[in-house]
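All chains are named by letter (A, B, ...) in the order of the sequence lines, taking the proteins before the strands, and each is independently numbered beginning at 1.
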2 protein chains.
Amino acid sequence: MVNAGHIHLCRHTVHGTKMVLQRAMPGMVLAEASAYSDSYHCDAIAAADSIVQTLPKSVFLSALAADSDLAATWAATLARGVQAARFRSEIRSLPKVADRLDAWLGAGNHLPPKGRWQDVAHELSVTREALYRELARRRKGAKE
Amino acid sequence: MVNAGHIHLCRHTVHGTKMVLQRAMPGMVLAEASAYSDSYHCDAIAAADSIVQTLPKSVFLSALAADSDLAATWAATLARGVQAARFRSEIRSLPKVADRLDAWLGAGNHLPPKGRWQDVAHELSVTREALYRELARRRKGAKE
DNA sequence: TCTTCAACATGACTATGATCATATGAAGGA
DNA sequence: TCCTTCATATGATCATAGTCATGTTGAAGA
């Protein structure tokens, strides 16, 4: 689990290129699926100075087996993770920046204060310039 | 659970536009997260003639609580679902068709027989034309 | 106060995918 | 056999996001 910082979970494809599979922010568990398979060919790379907590897999699994409430909580966390990741992939399937922003705002998100807009651009997977331009278009449209 | 066909899980955003949150194919459970929340404001829409199995939420949850092996299997399914969905969102964050195809092939997928290429195009979230062109480029490159 | 740095902002140009139009070939049914 | 349909295929054009360049603003720190 990441307590602070920013960890990337990466896999090297057969062509040698690096692929990011997960970008874990504080509060997130890295590589949840690794608890359910014997081997897992990924690297965890700290994208920023980070603080993490670790727990042996066997301890984690036996705790889940012993406590069905804990197991249900864990399953709920995973289910919400599935939902969130599917939402992100659907957002990124929209070709236009305006549509991605609408969908993201429509899901209950709100524009962050200045200084954090680049985070939104990254979440939508567009360049910061494209997001700035879209926001400028909306400011202009709202004024008329 | 979808046995046959193709079900979309849709949410209507505050602007009234429809957003697909999940595209459930045979073998997949629809809206897993709904088992862990009291209300879930989505619609299930059959995108093709389909056959589904249903199970009351209470039965499902008590079965999980009673059988820790079943709970572990379910958690493993969810964890793999998280992984798969994250992979799709990372694929779709690549701006170029060639990169998306490389990443997808590098994850162990292989090109389907003719007649199924459009499915790949949809998985990569590009138009079929763009995929045909990329494949044509590769055929040409391989020949030289 | 002055310096520095990062985020915000915008213009110019380019690359590339989407769209529209058409054509070809294979499978299945009348 | 002929007709329909759908997947594959490719060309032409257009819209748009990426890229590069450049400038502005505001906050933190020396």
*asked:* Quick check for you: among C:dG17, D:dG18, C:dT10, whose closest atom lies nearest to any side-chain atom of A:A130?
replied: D:dG18

*Quick one: which of D:dT19, D:dT8, C:dA9 gets closest to the side chain of A:K114?*
C:dA9

*Whole-Å distance between D:dC20 C1' and A:Y132 OH?*
15 Å

_Should the side chain of A:R133 and the base of C:dG11 be counted as holding a donor-acceptor pair, with the cut-off at 3.5 Å?_
yes

*Check every atom of D:dT10, C:dG17, D:dA9 against the side chain of B:R137 and return the nucleotide holding the closest atom.*
C:dG17

*Separation of B:H122 atom NE2 from C:dA18 atom P, in whole Å?*
12 Å

*Roughly how many Å is it from CD in A:E134 to P in C:dA9, rounded to a whole number?*
13 Å

_What is the separation between atom CG on A:L135 and atom P on C:dT10, rounded to the nearest whole Å?_
10 Å

*Please determine if a side-chain N or O atom of B:T127 lies less than 4.0 Å away from the OP1 or OP2 oxygen of C:dG17.*
no

*Is there a donor on the side chain of A:E129 or the base of C:dC8 sitting less than 3.5 Å from an acceptor on the other?*
no

_For atom CZ of A:R138 and atom P of C:dC8, their distance in whole Å_ = 17 Å

*Return the value, rounded to whole Å, for the distance between atom CG of A:L124 and atom C1' of D:dG18.*
16 Å

*State whether B:R23 and A:E90 are salt-bridged, where the test is any N-O pair (Lys NZ or Arg NE/NH1/NH2 against Asp/Glu carboxylate O) under 4.0 Å.*
yes

*Starting at CG of A:L124, measure out to CH2 of A:W104 and round the result to the nearest 0.5 Å.*
6.5 Å

*Between A:P95 and A:G115, who's closer to the 5' end of DNA chain C by nearest nucleotide?*
A:G115

*With respect to the side chain of A:V126, which nucleotide from C:dA9, D:dG18, C:dT10 is positioned closest?*
D:dG18

*Taking only N and O in the side chain of A:Q118, is any of them less than 4.0 Å away from OP1 or OP2 of C:dC8?*
yes

*Measure from CG on A:L101 to P on D:dT16 and round the result to the nearest Å.*
16 Å

*pair A:L101-A:R138: side-chain heavy atoms closer than 4.5 Å*: yes

*Check: B:Y40/A:Q83 side-chain N/O donor and acceptor closer than 3.5 Å*: yes

*Evaluate the side-chain proximity of B:F60 to B:T54: yes if any heavy-atom separation is below 4.5 Å, no if none is.*
no

*asked:* Just to be sure I understand the rule, does A:R128 reach a base, reach only the sugar-phosphate, or reach nothing, if contact means heavy atoms closer than 4.0 Å?
replied: nothing

*asked:* Measure NZ/B:K96 against C1'/C:dT16 and give the value in whole Å, please.
replied: 8 Å

*asked:* Can you identify which nucleotide, out of D:dA9, C:dC8, C:dG17, has its nearest atom closest to the B:V97 side chain?
replied: C:dG17

